Amino acid sequence: MNVIWGVMLLTGIGYGVLTGRVDAVSEALLSSAKEGVSLCVTMFGVMALWSGLMEIASDAGLIQAIEGKLRPVMRFLFPNIPEGHPALESITTNCICNLLGLGSASTVYGLKAMEELEALEEQRRTARRTEETETAAGASGQVKEQWYKKKQASCLKGRRTNRGRLSRDAAPRGTASNEMCNFLILNISSLQLIPMTIIAYRSQYGSVNPTAIIAPGIVATAVSTGVAVIVCRGMDRLR
């Protein structure tokens, strides 16, 4: 991304110099820098306000209450994450931030969720290696046959009673897991009830009615999130 922006800037400046518009280029650079600083100050105030409100809501127990209400939805979207795993909490908090249109605030929880999902995959890899070791250790005659029967019965029971068991196949190291992909898609589609970032942008650039974007935003993000959920669940079933 830095390379792309660098090429675009250099191309624009070079074209302005070659066509004899150095004054226009200089004026555009200065005005853009001033506008960028002004926009950052505006966004800083908005983010500080809502981040502070999120902290107050967390201390008051409101976030935990919302997380409890969203837990069935999270279990539906991420059935293979064990119950009570910290990744579910981070994912839920990220979704709450996105519902409020706090894209910048949700990034922190999104990164934390990815780290915890990677830790979960490492636990699965360890469990898988343990199974392979047990398989090798029990690879003789009747012991091997009894071990396979016991393991098969355990796996069948696990599929019925605990879809989030750690012994499921893990993604290779350096590869995004199924849960990571689903979370990324859900985060990108991000259903938003109050698109605070867009409202702040519209207010900064002189919109007569900055909040007019709320209704279209809810419809657009609801459709995108619905499609994301359908795709994720469909891919899960194919796997």
Side-chain angles (χ1 to χ4, degrees), residues 43 46-124 127 158 161-166 168 170-171 175-200 214 217-237 239:
M43 295 306 301
V46 173
M47 290 297 107
L49 171 63
W50 283 96
S51 296
L53 290 177
M54 287 290 290
E55 288 296 324
I56 295 173
S58 178
D59 293 340
L62 180 60
I63 299 298
Q64 290 76 7
I66 297 176
E67 288 177 355
K69 298 295 183 181
L70 291 179
R71 188 170 293 115
V73 179
M74 294 296 106
R75 296 304 307 161
F76 172 76
L77 295 175
F78 302 96
N80 288 321
I81 298 180
E83 185 71 28
H85 195 275
L88 284 175
E89 181 179 352
S90 297
I91 291 173
T92 305
T93 307
N94 175 271
C95 292
I96 293 173
C97 291
N98 281 328
L99 284 173
L100 298 176
L102 304 175
S104 300
S106 67
T107 302
V108 178
Y109 298 102
L111 294 175
K112 186 177 180 181
M114 283 296 188
E115 291 177 355
E116 290 164 348
L117 289 174
E118 176 56 29
L120 174 61
E121 286 305 297
E122 188 58 37
Q123 292 176 7
R124 287 171 174 168
T161 61
N162 185 12
R163 293 176 293 176
R165 58 193 173 89
L166 289 177
R168 66 182 293 277
T175 303
S177 67
N178 186 45
E179 288 83 9
M180 289 180 181
C181 294
N182 288 350
F183 171 61
L184 182 61
I185 293 172
L186 184 65
N187 184 63
I188 292 173
S189 63
S190 64
L191 173 64
Q192 294 187 8
L193 301 179
I194 309 175
M196 289 304 305
T197 302
I198 302 301
I199 291 174
I214 291 180
I218 291 175
V219 174
T221 55
V223 172
S224 64
T225 302
V227 172
V229 171
I230 292 173
V231 170
C232 290
R233 296 302 294 159
M235 293 301 296
D236 286 344
R237 290 185 177 277
R239 291 191 185 93

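The structure displayed is predicted, hence computed values, not measured ones.
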Taking all atoms of both residues into account, what is the closest heavy-atom pair of [X] and [Y], and its distance?
X	Y	value
M74	C95	CE-SG, 4.2 Å
P82	R124	CD-NH2, 4.4 Å
E83	R71	OE2-CD, 3.6 Å

Within a strict 4.5 Å, meaning less than it, do heavy atoms of the [X] and [Y] side chains meet?
X	Y	result
F183	N94	yes
I214	I199	yes
L117	I81	yes
I91	L77	no

_Set of residues satisfying side chain to side chain contact (heavy atoms under 4.5 Å, CB included) with respect to T225, sequence neighbours excluded_ =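 For T225 the side chain to side chain contact (heavy atoms under 4.5 Å, CB included) partners, ignoring immediate neighbours, are L186, S189, L191, V229.
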*Does S90 have any side chain to side chain contact (heavy atoms under 4.5 Å, CB included) partners at least two apart in sequence or in another chain, and if so, which?*
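K112, A113, E116.
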Would you compute the distance between atom [atom1] of [X] and atom [atom2] of [Y] and round it to the nearest 0.5 angstrom?
X	Y	atom1	atom2	result
H85	N80	NE2	CG	12.5 Å
F78	L88	CZ	CG	8.0 Å
K69	T92	NZ	OG1	14.0 Å

*Apply the test side-chain contact (heavy atoms from CB on, under 4.5 Å) to residues M114 and L184: give CA-CA distance (whole Å), side-chain angles for both, the deciding distance (0.1 Å), then the verdict.*
CA-CA 9 Å; M114 283 296 188; L184 182 61; 4.2 Å; yes
*Decide side-chain contact (heavy atoms from CB on, under 4.5 Å) for T221 and N98; before the verdict, give the C-alpha distance in whole Å, the side-chain angles of both, and the deciding distance to 0.1 Å.*
CA-CA 10 Å; T221 55; N98 281 328; over 6 Å; no
*asked:* Please enumerate all residues that pass side chain to side chain donor-acceptor pair (under 3.5 Å) together with E89, with sequence neighbours excluded.
replied: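 By the side chain to side chain donor-acceptor pair (under 3.5 Å) rule, E89 matches no residue at all.
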